[in-house]
Amino acid sequence: MTSLLAQEIRLSKRHKEIISQRLMLLQQMEDKFIDKNKEKASQMKAAETAFKRNLSLLMDIEAAEKSLQTRIHSIPSPEVVSLETLYWASVEEYIPKWEQFLLGRAPYPISVENENEAENTIQNEAQG
């Protein structure tokens, strides 16, 4: 009888140990579950923040693009138009000389004297 009683006591202690381990493991599982949920919530918050930031950047880029397109398509100032006209007139004036040079039929078309003369002409036309 004492043997059975000792065995019963031993089994009862073992049962308490097993129950204690089970409770500890259940608590660890619950803690991990809570940690995973917190991590997932943190990741969702980070993704939402990144989405908002990207949306804001996209809107800024679109606004900059519209601003640049407006500048591109705007009417140039009279000074720019005048300079552009003078430039193309100069190009048309020198095309025949350069054409012959580029085809190898004539020497280099502009000498130092001609450069100074051309600069003076352009400055006079710009001032006048």
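On a predicted model such as this, the values are computed, not experimentally measured, just so you know.
We find the CD-CG distance between Glu30 and Leu25 to be 13.0 Å, quoted to the nearest 0.5 Å. Atom CD of Glu92 is separated from atom OG of Ser90 by 9.5 Å, given to the nearest 0.5 angstrom. Here the CG-CD distance, from Leu5 to Gln7, works out to 10.5 Å after rounding to the nearest 0.5 Å. Atom CG of Asp31 sits about 11.0 Å away from atom CE of Met29, to the nearest 0.5 Å. The distance from the CE atom of Met59 to the CD atom of Glu62 is 8.0 Å, given to the nearest 0.5 Å. In this structure, Asn37 CG and Glu39 CD are separated by 10.0 Å, a value rounded to the nearest 0.5 Å.
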What donor-acceptor contacts under 3.5 angstrom involve side-chain atoms of residues 14-24, with partners at least two apart or in another chain?
residue, atom, partner, partner atom, Å
Arg14, NH1, Glu17, OE1, 3.2

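Panel note: side chain Ser67, backbone Ala63; no donor-acceptor pair is recorded below 3.5 Å. At distances below 3.5 Å, at least one donor-acceptor pair connects side-chain atoms of Thr49 with backbone N or O atoms of Lys45. Listed for the Ser56 side chain is no donor-acceptor partner under 3.5 Å among the backbone atoms of Lys52.
One hydrophobic cluster, built from ILVMFWY side chains closer than 4.5 Å, holds both Ile95 and Trp88. A continuous path of hydrophobic side-chain contacts links Leu102 to Tyr94 [ILVMFWY only; heavy atoms under 4.5 Å]. Taking hydrophobic clusters as Ile, Leu, Val, Met, Phe, Trp and Tyr residues chained together by side-chain heavy-atom distances below 4.5 Å, Val91 does not share a cluster with Phe101.
The side chain to side chain donor-acceptor pair (under 3.5 Å) check on Gln69 picks up nothing, with sequence neighbours excluded.
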